[in-house]
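Report on the following structure.
All figures in this text were calculated on a predicted structure; none of them were measured in a lab.
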Amino acid sequence: MPKVTAIIATYNWSTVLPYSIGSVLKQSFEDFELLVVGDGCTDDSEQVDNAIEDERVHWHNLAENYGQSAGPHNEGLRLAKGEIIAYLGHDDLWLPHHLETMVAAMEAGHDFAYSFLASVREEGKNPVPVPFNPPYFPGKWLPPTAVAHRLSVIKDVGDWPDFRKLEGVDAESDLWRRIHDGGYKITH
């Protein structure tokens, strides 16, 4: 069983997948599985994924388009074998030490961890830090790419919400708030 399950939710943007998947495969922490979950993809995303020859990478495609990453994330959670879950946007990249840092936070007794991000502009010019400094407070938006948590937390607080039923809050903020309200240890 892998220690970490990394989940990439994707929809019909196969040209970015080799980069996001590649950034996972270049992690210094290597005890992971990578679930690339299509949101009812109709392009060649499956072929792009399957061309990557690494037994840790697995493709799954939802039968219907959910319309937001919560659907693929929930499918990834259902399939997850790791005790720690980390998310990566299909058009995002992790630095090589990302998983190592997240696992260290969990091993230090935390249940939920988030990291800094940098937004890289076209052609890599002038990376801009994304301003979401600690501490966490309920309602604070954190991009899933910067988050890891224990799978057991989701089994307690529930999975990603249906964004169509939320009023005035995004799915990420709703889930992070439920984790906070459940009394789980959160760290930056």
Side-chain angles (χ1 to χ4, degrees), residues 2-11 20 23-24 27 29 32-37 39 62 65-95 97-120 127-188:
K3 179 91 170 171
V4 174
T5 296
I7 301 171
I8 296 177
T10 189
Y11 178 68
S20 56
S23 79
V24 177
Q27 291 296 298
F29 182 87
F32 64 82
E33 67 175 340
L34 172 57
L35 305 178
V36 182
V37 184
D39 191 13
L62 299 179
N65 179 265
Y66 186 80
Q68 204 256 353
S69 62
H73 284 158
N74 284 334
E75 179 66 6
L77 291 169
R78 188 184 71 75
L79 297 168
K81 295 177 184 163
E83 69 177 80
I84 298 169
I85 304 298
Y87 304 96
L88 179 62
H90 66 174
D91 58 343
D92 293 340
L93 305 172
W94 282 338
L95 292 174
H97 64 282
H98 179 76
L99 286 182
E100 182 179 348
T101 303
M102 295 293 121
V103 169
M106 301 301 150
E107 289 177 348
H110 300 285
D111 303 300
F112 180 98
Y114 64 101
S115 64
F116 284 115
L117 277 180
S119 177
V120 180
V128 177
V130 176
F132 53 91
N133 297 325
Y136 173 79
F137 56 85
K140 184 178 205 172
W141 181 80
L142 301 171
T145 289
V147 167
H149 59 74
R150 296 182 188 281
L151 180 58
S152 59
V153 169
I154 296 300
K155 292 182 178 183
D156 181 39
V157 304
D159 57 11
W160 287 76
D162 184 337
F163 72 100
R164 296 165 288 207
K165 296 178 182 175
L166 295 174
E167 292 185 27
V169 66
D170 55 73
E172 294 90 346
S173 296
D174 177 79
L175 180 55
W176 310 155
R177 180 196 48 77
R178 285 187 281 129
I179 291 170
H180 172 272
D181 292 352
Y184 289 99
K185 293 181 183 177
I186 298 173
T187 190
H188 179 264

| task | Begin from the C-alpha positions of Asp174 and Phe163 and carry the test side chain to side chain contact (heavy atoms under 4.5 Å, CB included) through to its verdict. | result | CA-CA 9 Å; Asp174 177 79; Phe163 72 100; over 6 Å; no

| task | For Leu77 and Thr5, run side chain to side chain contact (heavy atoms under 4.5 Å, CB included): C-alpha distance rounded to whole Å, both residues' side-chain angles, the deciding distance at 0.1 Å, then the answer. | result | CA-CA 8 Å; Leu77 291 169; Thr5 296; over 6 Å; no

| field | Leu88 and Ser23: CA distance, side-chain angles, deciding distance, side chain to side chain contact (heavy atoms under 4.5 Å, CB included) verdict | value | CA-CA 10 Å; Leu88 179 62; Ser23 79; 3.7 Å; yes

| request: Output, in order, the C-alpha distance, side-chain angles, deciding distance and verdict of side chain to side chain contact (heavy atoms under 4.5 Å, CB included) for Thr145 and Leu117. | output: CA-CA 8 Å; Thr145 289; Leu117 277 180; 4.0 Å; yes

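With sequence neighbours excluded, no residue satisfies side chain to side chain donor-acceptor pair (under 3.5 Å) with Asp91. Looking at residues two or more places apart in sequence or on another chain, you find no ring pair (Phe, Tyr, Trp, His ring centres under 6.0 Å) involving Phe29. Shown here are the salt bridge (Lys or Arg N to Asp or Glu O under 4.0 Å) partners of Arg150, two or more places apart in sequence or in another chain: Glu83, Asp111. In this structure, the side chain to side chain contact (heavy atoms under 4.5 Å, CB included) partners of Ala113, at least two apart in sequence or on a different chain, are Met102, Ala105, Met106, Thr187. Scanning for ring pair (Phe, Tyr, Trp, His ring centres under 6.0 Å) contacts around His180 gives Tyr136, with sequence neighbours left out. With sequence neighbours left out, the salt bridge (Lys or Arg N to Asp or Glu O under 4.0 Å) criterion links Glu75 to Arg78.
In this structure the side chain of Pro72 reaches within 4.5 angstrom of the side chain of Leu62, judged on heavy atoms.
Side-chain atoms of Arg178 come within 3.5 Å of backbone N or O of Asp159 as a donor-acceptor pair. Formation of a donor-acceptor pair under 3.5 Å by the Asp39 side chain with backbone atoms of Asn65 is not found in this model. A donor-acceptor pair is defined here as one N or O able to donate and one able to accept, closer than 3.5 Å; no such pair exists between the side chain of Gln27 and the backbone of Glu100.
Between Arg177 and Gly139, the shortest heavy-atom distance links the atoms CB-N, 4.5 Å. For the residue pair Leu142 and Trp176, the shortest heavy atom distance occurs at O-NE1, 2.9 Å. The nearest pair of heavy atoms linking Gly158 to Leu175 is O-CD1, 3.6 Å. Summarising the geometry of Gly89 relative to Ile8, their closest heavy-atom pair is C-CG2, 4.5 Å, with the distance given to 0.1 Å. When every heavy atom of Asp92 is checked against every heavy atom of Ser20, the shortest pair comes out as O-CB, 3.3 Å. Contact record, Ala9 with His90: O-CB, 3.5 Å, taken as the closest heavy-atom pair.
Between Tyr114 and Phe112, the two ring planes are tilted [angle within 30° to 60°].
For Tyr184 and His110, the ring centers are positioned 6.0 Å apart or more.
Using a 3.5 Å distance cut-off with no hydrogens or angles, the side chains of Tyr87 and Trp160 do pair a donor with an acceptor.
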